[in-house]
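Everything below concerns the one structure shown next.
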Amino acid sequence: MAIKVFNTIAGKKEDFIPIKPDEVRMYVCGVTVYDMCHIGHARAYVAFDVIYRYLKEKGFRVTYVRNFTDVDDKIIKRANELGVKTEEITEKYISEFYTDMESLGVSKADIEPKVTEHINEIIALIQKIIDNGYAYVSGGDVYFSVESFPGYGKLSGRRLDDMKAGARVEVNEQKRHPMDFALWKESKPGEPFWDSPWGKGRPGWHIECSAMSTKYLGTTFDIHGGGKDLIFPHHENEIAQSEGAYKVPFVRYWLHNGFVNINEEKMSKSLGNFFTIREVTSRYYPEALRYFMLGTHYRSPINYSVDAISESEGRVEYYYSTLREMNNAIGSFGGPLKDFPAKEEVDKNLQEFFDSMDDDFNTAKALANLSNLLRLANDIILKRNQYPKDIFRSSLCYIREKIMIMGRIFGIMEKEPLSVLKSITTMKAKRLGIDVDEVSRLIEERSLARKEKNFQKSDEIRDRLLKMGIAIMDTPEGTLWRIER
RNA sequence: GGCGGCAUUGCCAAGUGGUAAGGCAACGGUCUGCAAAACCGUUAUUCACCGGUUCGAGUCCGGUUGCCGCCUCCA
């Protein structure tokens with residue numbers, strides 16, 4: 001079955017047919033590195049990471065480009081405030097970006113270009129646009145002339161007359177039309193600059209993505225992605241620049257992810273209602289944030305809350321503990337695999353998983369199939385005595401294999417269960433102010449009481465632990481515990 | 001003002017015109033010394049409202065109401 005994707009420029013789902021049958025070239029707008037990333041960034045990069053992983057799983061050779069914007073007004077402002085060079089700011093936040101992305105299991109892109117390393121390409125591109133008559137020099141600036149480009153507005157579905165030009169756009173006498181946007185900006189004193197045919201200056205906001213995507217992916221490529229907020233003006237302007245320069249279609253499929261909301265309102269810095277990734281991942285196990293993102297289709301808004309992230313963390317705990325139990329049950333069993341009663345059900349779930357992912361990367365729907373397999377695995381473990389040993393192990397081996405495929409696509413369940421479960425316990429304990437040593441001591445004491453069949457005392461201790469939020473589990477291998485709240 | 005999106009059980013959330021996935025919570029059960037975990041079962045005759053198309057609509061069309069986003073930096 002072919003993959004279908006919702007293409008913003010078409011306004012509908014379309015069959016995904018890459019330019020070359022077995023190759024996909026995709027570009028996703030990266031971060032402007034002047035501050036810590038928030039969970040809105042997390043959503044975008046997790047969403048496209050899953051798309052990247054899925055396309056590779058489907059057998060495409062994927063070239064994924066995700067840039068760093070390291071020249072920008074906000075970077076300069078931040079550097080001036082702190083009295084440091086812009087490089088200090090950008091290097092710091094690139095490093096923080098990697099820390100966050102790694103914690104979320106977001107893979108590196110194949111190519112991660114920086115704007116400062118592509119000034120020559122940018123200048124050449126601007127020159128080409130000028131030569132083609134779509135841009136003009138005005139003082140030390142260069143502007144793109146939106147009126148001269150017939151397709152302007154085709155991505156965002158706006159017409160120039162509809163946009164209340166001038167109302168909320170900076171009045172600038174250098175521009176011929178209020179919607180014209182800067183390709184090159186003359187540098188003010190104290191700002192970083194590069195020499196150009198138009199004098200000392202720096203690139204405008206949109207031009208870098210046109211220059212870098214084309215350099216690494218060609219003048220027409222398959223997928224361009226980013227948050228919905230980039231549709232206008234950023235991506236609209238990229239189309240104008242690239243098509244104005246090369247006169248071929250820029251991108252075949254435009255993919256845009258929805259926002260993260262807080263209390264049903266867009267999370268944003270200006271509203272002050274944002275969470276950084278670090279704030280969340282220092283408090284909750286990072287994979288919980290990734291799992292949380294998977295629960296809603298990438299194009300829909302998603303509402304972040306403490307309840308939601310807690311629930312997600314609970315699910316992460318569930319699937320890693322299931323994995324732990326599966327590993328224990330399978331042991332060193334290496335096959336050969338035998339048929340087992342539920343095999344058909346397993347295959348059906350895997351098939352449905354892929355069908356859902358084929359349908360515009362519907363992770364929320366596909367997640368149901370993963371849940372079904374985890375539940376099935378636990379069920380088989382519970383009824384282990386009903387199966388001959390080799391069939392019992394074969395079935396779990398088979399299910400584990402399918403779970404791993406799903407986990408690889410989702411970017412979850414890829415870690416060692418014991419250490420994950422331990423980390424989750426540690427984080428919960430920290431969150432709730434629970435003293436882990438005291439818990440261990442009480443459990444030890446209770447075990448002793450149980451050995452002596454002093455159930456009154458053991459229950460007393462259990463109730464005491466319960467009040468602390470600790471649930472204990474007596475198993476043949478000893479007493480395990482987890483934090484309930 | 002222009003453009004776009006959304007409204008599904010207590011909560012979160014899928015849903016291709018054919019009779020409502022999955023998760024959380026809750027309740028009952030199996031297991032257990034008692035528990036917990038795990039598993040099983042129960043929990044929307046109904047999908048904001050009003051019309052229409054159709055043998056049949058959460059799903060298509062028209063209208064109403066409410067919420068949200070973009071049009072300014074923004075994932």
Side-chain angles (χ1 to χ4, degrees), chain A residues 4 8 11 13 28-32 34 37-48 72-74 77 153 156-165 167-170 179 205 225-234 236 256-261 264-271 274 291-292 295-303 305 307-308 310-312 314-315 317-318 321-322 325 352 355-356 359 362-372 374-383 450 453-456 458-459 462-463 465-466 470-475 479-482 484:
Chain A
K4 281 183 183 293
T8 306
K13 274 187 211 170
V28 172
C29 290
V31 281
T32 300
Y34 73 103
C37 285
H38 53 66
I39 55 180
H41 296 108
R43 186 176 199 198
Y45 300 119
V46 166
F48 287 102
D72 170 85
D73 290 349
K74 293 186 290 292
K77 187 168 169 250
S156 54
R158 330 167 180 261
R159 292 175 308 150
L160 283 173
D161 330 335
D162 289 342
M163 294 187 271
K164 287 170 101 184
R168 298 172 79 182
V169 178
E170 191 190 347
M179 295 307 294
W205 173 33
K228 270 192 160 76
D229 49 351
L230 295 180
I231 295 172
F232 190 89
H234 187 55
E236 191 69 64
H256 293 98
N257 65 274
F259 292 124
V260 175
N261 290 167
E264 314 300 335
E265 265 192 337
K266 181 189 170 182
M267 186 182 78
S268 76
K269 292 207 160 177
S270 47
L271 288 169
F274 67 94
Y291 180 90
F292 168 67
T296 302
H297 186 95
Y298 77 94
R299 282 190 286 115
S300 304
I302 189 170
N303 203 55
S305 66
D307 284 351
S310 302
E311 185 185 320
S312 294
R315 290 298 291 167
E317 202 171 10
Y318 168 78
S321 60
T322 301
E325 297 309 313
E352 280 179 10
D355 289 347
S356 299
D359 185 11
N362 194 338
T363 55
K365 192 174 179 209
L367 208 47
N369 299 109
L370 175 58
S371 285
N372 289 342
L374 292 168
R375 180 156 31 80
L376 183 62
N378 275 314
D379 191 41
I380 289 171
I381 291 168
L382 187 75
K383 295 173 183 155
R450 289 185 76 225
K453 302 256 188 244
N454 185 351
F455 293 123
Q456 198 194 329
S458 82
D459 286 358
R462 191 185 59 208
D463 290 345
L465 284 162
L466 209 58
I470 310 294
I472 52 181
M473 292 158 272
D474 295 322
T475 75
T479 300
L480 301 174
W481 62 279
R482 61 187 283 274
E484 274 290 292

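In the text below, chain A, chain B and the rest are named by the order of the sequence lines, each starting its count at 1.
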Base, sugar-phosphate, or nothing for [X], non-hydrogen atoms under 4.0 angstrom?
| X | value |
| --- | --- |
| G227(A) | sugar-phosphate |
| V28(A) | nothing |
| R315(A) | sugar-phosphate |
| K228(A) | nothing |
| G258(A) | base |

Mind checking the [atom1]-[atom2] spacing from [X] to [Y]? Nearest 0.5 Å is all I need.
| X | Y | atom1 | atom2 | result |
| --- | --- | --- | --- | --- |
| E311(A) | S305(A) | CD | OG | 9.0 Å |
| I472(A) | E484(A) | CD1 | CD | 11.0 Å |
| N303(A) | F292(A) | CG | CZ | 7.0 Å |

Searching all strands shown, indicate the nucleotide that pairs with [N] (Watson-Crick or G-U wobble; both distances under 3.5 Å).
| N | result |
| --- | --- |
| C55(B) | G18(B) |
| G4(B) | C68(B) |
| C49(B) | G63(B) |
| G41(B) | C27(B) |

Q: Quick one, give me the B/S/- string for nucleotides 8-16 of chain B, reading 5' to 3', where B means a protein heavy atom under 4.0 Å from the base and S means that only happens at the primed atoms, P, OP1 or OP2.
A: -----SSS-
**Q.** Under 4.0 Å protein heavy-atom contact, by nucleotide of nucleotides 27-40 of chain B - B base, S sugar-phosphate only
**A.** ------BBBBSBSS
Measure the distance from [atom1] on [X] to [atom2] on [N] and round it to the nearest whole Å.
| X | N | atom1 | atom2 | answer |
| --- | --- | --- | --- | --- |
| H38(A) | C73(B) | NE2 | P | 15 Å |
| L230(A) | U72(B) | CG | C1' | 14 Å |
| H256(A) | G69(B) | NE2 | C1' | 14 Å |
| N257(A) | G5(B) | CG | C1' | 14 Å |
| F259(A) | C6(B) | CZ | C1' | 14 Å |
| E236(A) | C71(B) | CD | C1' | 11 Å |
| F232(A) | G4(B) | CZ | C1' | 14 Å |
| H41(A) | C73(B) | NE2 | C1' | 11 Å |

Using atom [atom1] of each nucleotide, how far apart are [N] and [M] to the nearest Å?
| N | M | atom1 | value |
| --- | --- | --- | --- |
| G29(B) | A35(B) | C1' | 16 Å |
| C39(B) | A57(B) | C1' | 37 Å |
| G28(B) | U65(B) | C1' | 41 Å |
| G52(B) | G5(B) | P | 26 Å |
| G18(B) | C61(B) | P | 15 Å |
| G15(B) | U54(B) | P | 28 Å |
| C49(B) | A36(B) | C1' | 47 Å |
| A44(B) | U30(B) | C1' | 28 Å |

Salt-bridge test for [X] and [Y]: reply yes if a basic N is under 4.0 Å from a carboxylate O, no otherwise.
| X | Y | result |
| --- | --- | --- |
| D359(A) | K365(A) | no |
| R450(A) | D474(A) | yes |
| K383(A) | D379(A) | yes |

(Q) L480(A): which residues meet the side-chain contact (heavy atoms from CB on, under 4.5 Å) condition with it, sequence neighbours left out? (A) R324(A), M473(A), T475(A)
Q. Of all residues at least two apart in sequence or in a different chain, which pass the side-chain contact (heavy atoms from CB on, under 4.5 Å) check with D459(A)?
A. R462(A)
Q) Mapping A368(A) and G11(A) to their closest nucleotides on RNA chain B, which lands nearer the 5' end? A)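 Final value for this comparison: G11(A).
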Q.
Less than 6.0 angstrom from the centroid, inside 45 degrees of the normal: does R158(A) satisfy that with respect to the ring of F232(A)?
A.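 Yes, a cation-pi geometry.
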**Q.** Test salt bridge (Lys or Arg N to Asp or Glu O under 4.0 Å) applied to D72(A) - qualifying residues, sequence neighbours left out
**A.**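 Scan of D72(A) (salt bridge (Lys or Arg N to Asp or Glu O under 4.0 Å), adjacent residues dropped) gives K74(A).
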**Q.** salt bridge (Lys or Arg N to Asp or Glu O under 4.0 Å) partners for E317(A), two or more places apart
**A.**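 Partners of E317(A) by the salt bridge (Lys or Arg N to Asp or Glu O under 4.0 Å) criterion, ordered by chain and then number, come out as K428(A), R482(A).
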Q. Would a distance-only check, ignoring hydrogens and angles, find a side-chain to backbone donor-acceptor pair under 3.5 Å from K228(A) to R299(A)?
A. yes
Q) C70(B), C24(B), A75(B): which one has an atom nearest the side-chain heavy atoms of K266(A)? A) C70(B)
(Q) Quick check for you: among A75(B), C71(B), G22(B), whose closest atom lies nearest to any side-chain atom of S371(A)? (A)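 Nearest to the side chain of S371(A) among the choices is G22(B).
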